[in-house]
Undergrad: 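Attaching a single structure in structure tokens format; questions to follow.
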2 protein chains.
Amino acid sequence: MCSPFLSCLSLFLLALSPVAAIWPAPQSLTKDSSVLYLHQNIQVTYNGASMSYIYGYVPSKLTGKEVVQAGVSRTLAGIFNSQFVPWKLHKPHSNWEPDPSQGQKWLKTLEIVQSGQDQPSTFKAGEVDESYNLTLSAEGDVKLNAVSSIGVLYGLETFSQLFYQHSTGIFWYTPYASVLIQDAPQFPHRGVMIDTARHFFPVSDILRTIDAMAWNKLNRLHVHVTDSQSWPLVLPSMPEVSEMGAYHPSQTYSPTDIDRIQRYGAERGVEVYLEIDMPGHIGAVALSHPELIVAYNEMPFWWWCSEPPCGAFKLNSPAVDAFLEKLFDDLLPRVAPYTAYFHTGGDELNKNDSMLDDAIRSNSSTVLQPLLQKFIDTQHVRIRKAGLTPITWEEIPLAWNVTLGKDTVVHSWLGSDSIKALTGKGFKVIDSNYNFWYLDCGRGQWLSWANGNAFTMGYPFNDWCSPTKSWRLVYSYDPTAGLAPEEAKLVLGGEVAVWSETIDPANLDTLIWPRASAAGEVLWSGRRDASGQNRSQLDATPRLNEFRERMVLKGVRSSPVQMTFCTQGKPEECEYAL
Amino acid sequence: MCSPFLSCLSLFLLALSPVAAIWPAPQSLTKDSSVLYLHQNIQVTYNGASMSYIYGYVPSKLTGKEVVQAGVSRTLAGIFNSQFVPWKLHKPHSNWEPDPSQGQKWLKTLEIVQSGQDQPSTFKAGEVDESYNLTLSAEGDVKLNAVSSIGVLYGLETFSQLFYQHSTGIFWYTPYASVLIQDAPQFPHRGVMIDTARHFFPVSDILRTIDAMAWNKLNRLHVHVTDSQSWPLVLPSMPEVSEMGAYHPSQTYSPTDIDRIQRYGAERGVEVYLEIDMPGHIGAVALSHPELIVAYNEMPFWWWCSEPPCGAFKLNSPAVDAFLEKLFDDLLPRVAPYTAYFHTGGDELNKNDSMLDDAIRSNSSTVLQPLLQKFIDTQHVRIRKAGLTPITWEEIPLAWNVTLGKDTVVHSWLGSDSIKALTGKGFKVIDSNYNFWYLDCGRGQWLSWANGNAFTMGYPFNDWCSPTKSWRLVYSYDPTAGLAPEEAKLVLGGEVAVWSETIDPANLDTLIWPRASAAGEVLWSGRRDASGQNRSQLDATPRLNEFRERMVLKGVRSSPVQMTFCTQGKPEECEYAL
């Protein structure tokens with residue numbers, strides 16, 4: 001890319017610049033330092049046919065062409081509308097901006113070639129090829145090649161991160177031409193888990209989260225949609241469940257809402273899948289179907305569950321089974337067009353609950369395990385019948401020794417020992433190690449403490465997983481650390497978890513971003529770089545500073561990464577090296 | 001208040017309700033359970049004269065009548081526009097809302113009587129009487145009595161917290177009539193400190209913060225307006241200082257901005273005062289006046305200061321003195337109409353800096369102390385000449401043994417031993433104990449760590465004052481704990497500190513609120529209640545849940561206190577008692 005000597009030199013100089021662009025890091029990137037300007041009338045083609053830039057385009061159906069048309073439109077709108085004049089990334093009074101009065105060389109063409117045919121499964125988890133190649137010549141020709149339309153979307157996102165607005169407000173440019181990028185993800189499962197049961201999130205918050213996920217090349221939104229605290233999910237076959245179980249009629253997801261969320265995600269390469277956590281964490285069902293639940297809101301809660309209100313399905317109840325048959329018949333056909341997965345939960349089931357179940361009256365694992373085995377088997381048959389792959393939390397195989405179908409994906413949260421044990425047993429794993437990737441941690445208890453002994457016991461009121469997982473700690477985590485190669489292959493990826501006991505729409509964005517971005521780079525680019533070295537905070541920080549500004553300007557209230565002095569300064573001014 | 005037996009009974013029932021209203025807690029409150037409706041045409045009088053409700057009224061001058069007129073208008077607009085239908089505070093499907101079809105009893109009059117004359121000093125820190133009495137009879141007559149217009153504003157704020165919107169959207173009511181409240185603050189200084197130098201905050205963010213402070217009866221906004229990282233303060237006498245020292249031309253406060261901020265505060269009972277931190281924490285001056293500063297951006301920073309870029313005033317420099325004379329001549333007359341204070345900083349001065357000062361070349365306290373004494377004396381004479389009282393950080397008297405004028409207020413941050421030492425020496429003290437009231441703590445380092453030994457040393461990248469101070473920890477702190485009565489009297493109050501290394505407009509609100517509210521109740525109501533007992537989280541939590549909803553609905557993105565299950569449930573469902 002840098003055959004003339006001067007270009008090579010300027011490439012070297014750019015490497016020292018605080019502006020480094022592109023989050024998450026591509027597998028390979030070379031760039032130079034020619035300036036090219038972008039005009040709204042750039043000629044875009046898709047597989048040889050002209051494609052116009054249509055502001056606000058919504059795909060009429062989930063086909064490659066429609067999805068790419070919408071992606072092109074979002075990409076160009078994002079560049080032209082987000083007003084990203086990057087003064088925060090340069091020393092004040094320094095000469096960092098190109099001078100348009102010295103003439104402008106324009107981008108001429110954006111030629112998109114998709115070599116593969118999309119399948120309906122392209123828009124779900126699975127075998128979709130997410131790779132892309134992007135080249136931008138110094139002459140102004142852009143070529144974006146990908147196998148799938150999802151790969152095209154990723155390439156377009158990367159393309160958009162090459163551009164800035166000029167401070168005159170009437171020019172947009174990249175200072176990096178020529179550019180050569182080859183890119184593909186390290187892990188197929190790159191997720192965010194949100195919890196809409198402790199606090200409800202309006203559809204708009206979820207769509208905005210999907211937007212930001214797409215910018216981060218995160219591709220799985222796991223919605224922990226129900227729990228013992230509330231049941232926001234409307235089931236047309238059993239409307240009483242959300243009527244009684246939601247916090248308020250306004251705090252529900254109708255089938256239209258769910259379809260809209262999943263569809264919105266599919267159009268952006270983000271698969272949205274649901275979890276109905278069971279057989280524990282299901283107390284809200286007792287508000288409409290008390291006969292199905294044991295230990296609902298029993299006190300003191302810590303004897304029966306980890307958080308009030310308690311409540312678990314009766315493990316040996318034909319009525320529970322009939323309820324779940326009806327629920328899955330209602331729900332699964334609606335979600336299956338957009339996802340390959342359904343998460344049946346299974347964390348933190350408390351043995352004591354079944355002591356209150358007249359049909360069981362025991363907290364012995366020997367009694368309960370076969371009942372749980374049958375319960376899980378029955379539900380997973382239903383999941384598979386709907387064409388979906390079941391996911392469970394790790395306690396089901398590890399703590400309860402339930403035998404699972406080999407297709408089942410296990411979602412781990414208890415850390416490295418669990419990952420090792422699960423992959424050792426041959427399970428495919430999604431990793432949400434709470435020591436690193438629980439984004440709710442470290443902001444204090446949700447419980448209030450009485451004066452006296454309780455106060456003394458609770459003081460200083462930290463939560464169970466304090467302290468806060470800073471983006472640097474999130475970034476330090478390697479989901480495959482300590483695994484043998486054949487074990488590591490079973491790690492599909494991971495999810496940052498955003499449990500919402502103390503999170504609602506007011507602080508959602510600031511707690512997800514930029515920390516999910518840090519996990520996103522680990523999952524897309526790998527914890528280690530091409531040379532096998534752990535990625536360094538020193539490389540990541542300026543890129544994340546820049547990317548964070550892009551997120552904020554596009555409407556996501558990401559927390560800042562560093563103070564402006566650091567983003568404007570030489571990187572070493574805010575670094576520690578020995 | 002509850003002479004008929006039935007009213008007494010319902011008073012008892014209300015005490016069990018999760019809806020408890022009024023934050024911070026008044027000194028005394030009795031309420032009953034009659035419903036009264038509020039109409040926009042309520043008859044308001046001020047000292048006997050009719051006062052109309054004029055939406056958006058801005059005082060033409062700082063007089064009691066003008067300030068009260070604006071306060072009345074804000075109060076009624078707040079009730080009618082914030083759409084606070086409190087379903088989050090009641091069990092779903094329970095019967096908690098009055099039925100307007102059963103007839104409405106209306107509030108008739110709001111009679112405001114101010115017994116004292118406002119002085120110009122009423123709108124500054126000082127001797128202003130902030131007390132008020134509020135009575136609301138079951139017949140619909142409201143009497144609000146206060147000595148000062150600031151007391152009237154507090155009474156109006158309390159009045160507004162008695163009201164809800166009906167879910168029909170066309171009625172507003174209080175369910176608490178009759179009400180009798182007597183109220184006055186425990187501490188005269190109830191503050192929030194913001195830092196506009198690590199990250200800049202637009203005027204709109206500061207005004208919104210003032211709004212929320214007024215709702216919390218917090219009365220001092222301390223703006224740490226400059227530091228070594230940036231100088232956003234425009235000085236017309238020396239425009240080069242902000243031209244070179246600000247992050248960007250858009251990131252400055254003009255004299256008009258400062259006047260607008262202070263004036264906006266004064267109209268709401270919030271005194272805004274400025275800090276120019278010196279002689280350390282002043283490196284940004286080097287960008288325009290390098291001859292005044294030693295050790296600017298010296299590396300490694302930890303040898304010269306606590307955070308990059310380093311930079312301190314030369315301690316024995318006539319040029320520095322001339323600069324400060326010009327600065328204070330420019331600035332002090334502009335800020336003095338709105339405040340009684342000016343904060344000259346003085347924290348974390350590093351002795352090593354003067355080793356680089358050709359006129360000193362020493363890091364010996366014996367050499368430096370007399371120079372610092374003279375430096376402080378000279379600046380404090382200037383502050384007093386402008387009619388202001390100087391404030392310094394605690395290091396000036398405690399670490400440097402500088403003798404201060406007896407009027408000087410000392411701002412403490414290093415905790416209880418410092419408070420004890422300062423009050424023992426007879427200083428008036430403002431308390432920002434970092435173990436409890438530093439709201440920036442616990443979200444991770446601002447510094448990035450190189451791979452290798454630095455990584456190992458920095459891991460897990462917690463900041464120096466981790467973990468996060470949760471609202472419960474903030475609430476547990478008593479600024480007078482461990483002090484003798486005569487020492488306790490010297491504690492004017494405290495401030496929560498919001499240092500902004502990792503805080504900018506995106507996350508400001510979520511990090512200040514509701515934690516500043518918790519400190520606000522300690523400062524207004526006292527850590528102990530009227531019976532001498534420590535206030536309990538069990539009493540505070542439902543009130544803070546409710547108050548937080550009010551803040552959000554009026555446009556402040558406060559973090560949530562508890563999940564909706566807790567706010568809707570019986571309090572004991574989310575409590576821990578032994």
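Within every chain, numbering begins at 1; the chains are lettered A, B, ... in the order of the sequence lines, protein sequences first and strands thereafter. Below, each value reflects all heavy atoms present in this structure, side chains not excepted, and no hydrogens, waters or symmetry copies. What you are looking at is a predicted structure, and each value in this text was computed from that prediction instead of being measured.
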Undergrad: Would you mind telling me which of A:A577, A:A246, A:C574 has the largest number of heavy-atom pairs within less than 4.5 Å of chain B?
TA: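 Ranked by heavy-atom pairs under 4.5 Å with chain B, first place is A:C574.
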Undergrad: Out of B:F461, B:F301, B:W87, B:F200, which one racks up the most heavy-atom pairs below 4.5 Å with chain A?
TA: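 So the answer, after comparing B:F461, B:F301, B:W87, B:F200, is B:W87.
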Undergrad: Where does B:P309 contact chain A at under 4.5 Å (heavy atoms): side chain, backbone, both or neither?
TA: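 B:P309 touches chain A through backbone and side-chain heavy atoms alike.
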Undergrad: Identify which part of B:E572 has an atom lying under 4.5 Å from any heavy atom of chain A, answering side chain, backbone, both or neither.
TA: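 When you check distances to chain A, only backbone atoms of B:E572 fall under 4.5 Å.
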Undergrad: Tell me which one of B:L511, B:N507, B:T510, B:D509 satisfies side chain to side chain contact (heavy atoms under 4.5 Å, CB included) with A:N507.
TA: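 Result: among B:L511, B:N507, B:T510, B:D509, B:T510 is the only option passing the side chain to side chain contact (heavy atoms under 4.5 Å, CB included) with A:N507.
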Undergrad: Between B:R557 and A:A506, what is the shortest heavy-atom contact and its length?
TA: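 The answer is NE-O, 3.4 Å.
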Undergrad: Is it the backbone or the side chain of B:R515 that comes under 4.5 Å from a heavy atom of chain A, or both, or neither?
TA: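 For B:R515, no heavy atom lies under 4.5 Å from chain A.
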Undergrad: On a heavy-atom basis, which atom in B:E243 and which in A:H93 lie closest, and how many Å separate them?
TA: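 Result for this residue pair: O-NE2, 2.7 Å.
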Undergrad: Among B:A454, B:G444, B:P560, which residue forms the greatest number of heavy-atom pairs with chain A at distances under 4.5 Å?
TA: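 The candidate making the most pairs under 4.5 Å is B:P560.
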Undergrad: Hey, does the side chain of A:N462 reach the backbone of B:P467 with a donor-acceptor pair shorter than 3.5 angstrom?
TA: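 Such a contact is absent between A:N462 side chain and B:P467 backbone.
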Undergrad: What I want to find out is whether B:R548 reaches A:D504 closely enough, with some N-O distance under 4.0 Å, to be called a salt bridge.
TA: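 Counted as a salt bridge, because a side-chain N and a carboxylate O are separated by less than 4.0 Å.
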Undergrad: Which one of A:V552, A:V561, A:N297, A:I503 has the most heavy-atom pairs closer than 4.5 Å to chain B?
TA: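 Looking at each of A:V552, A:V561, A:N297, A:I503 in turn, A:N297 comes out on top.
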Undergrad: How close do B:E307 and A:M563 get, counting heavy atoms only, and between which atoms?
TA: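 Between these two residues, the closest heavy atoms are OE2-CE, 3.4 Å.
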Undergrad: Within the distance-only criterion (no hydrogens, no angle test), does the side chain of B:S536 pair as donor or acceptor with the backbone N or O of A:A450 below 3.5 angstrom?
TA: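 Not confirmed, B:S536 side chain does not pair with A:A450 backbone.
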Undergrad: Of all heavy-atom pairs between A:Q537 and B:L447, which one has the smallest distance, and what is that distance?
TA: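 Closest approach of A:Q537 to B:L447, heavy atoms only: OE1-O, 4.3 Å.
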Undergrad: Can you check whether A:N451's main-chain N or O pairs, donor with acceptor, with B:N534's side chain at less than 3.5 Å?
TA: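 Not confirmed, B:N534 side chain does not pair with A:N451 backbone.
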Undergrad: Is it the side chain or the backbone of B:S466 that comes within 4.5 Å of chain A heavy atoms, both, or neither?
TA: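 B:S466 touches chain A through side-chain heavy atoms alone.
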Undergrad: Between B:D463 and chain A, with a heavy-atom cut-off of 4.5 Å, which part of the residue counts as in contact: side chain, backbone, both or neither?
TA: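 For B:D463, there is no contact with chain A at all, as no heavy atom is under 4.5 Å.
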Undergrad: For B:A197, is it the side chain, the backbone, both or neither that has a heavy atom under 4.5 Å from a heavy atom of chain A?
TA: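 Nothing of B:A197, per the 4.5 Å heavy-atom cut-off to chain A.
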Undergrad: Can you list everything that forms a side chain to side chain donor-acceptor pair (under 3.5 Å) with B:S228? Sequence neighbours excluded, please.
TA: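 Expected list: none.
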Undergrad: Is there a donor-acceptor pair closer than 3.5 Å between any side-chain N or O of A:Q568 and the backbone N or O of B:Y247?
TA: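 A pair under 3.5 Å: yes.
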Undergrad: Which residue pairs pass the side-chain hydrogen bond (donor to acceptor under 3.5 Å, both in side chains) test when at least one of the two sits in residues 436-450 of chain B, sequence neighbours left out?
TA: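 As it turns out, the side-chain hydrogen bond (donor to acceptor under 3.5 Å, both in side chains) pairs with a partner in residues 436-450 of chain B, which skip direct neighbours, are A:R472-B:S448, A:T541-B:S448, B:Y438-B:W499, B:R443-B:T502.
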Undergrad: Quick one: what part of B:M244 sits under 4.5 Å from any heavy atom of chain A, side chain, backbone, both or neither?
TA: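 Contact with chain A is through both the backbone and side chain of B:M244.
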Undergrad: Side chain, backbone, both or neither: which part of B:S470 has a heavy atom under 4.5 Å from chain A?
TA: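 For B:S470, backbone and side chain are both near chain A.
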Undergrad: So A:Y576 and B:W302, would you call those rings parallel, tilted or perpendicular, with 30° and 60° as cut-offs?
TA: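 It falls in the tilted class, 30° to 60°.
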Undergrad: Quick one: does B:M299's side chain get under 4.5 Å of A:E573's, heavy atoms only?
TA: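 Yes - at least one pair of side-chain heavy atoms lies under 4.5 Å apart.
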Undergrad: So which of A:H199, A:Q533, A:K88 has the biggest tally of heavy-atom pairs under 4.5 Å with chain B?
TA: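 Option with the greatest count: A:H199.
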Undergrad: Using a cut-off of under 4.5 Å on heavy-atom pairs, state which of A:K91, A:H248, A:R198 scores highest against chain B.
TA: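 Greatest number of close heavy-atom pairs with chain B: A:H248.
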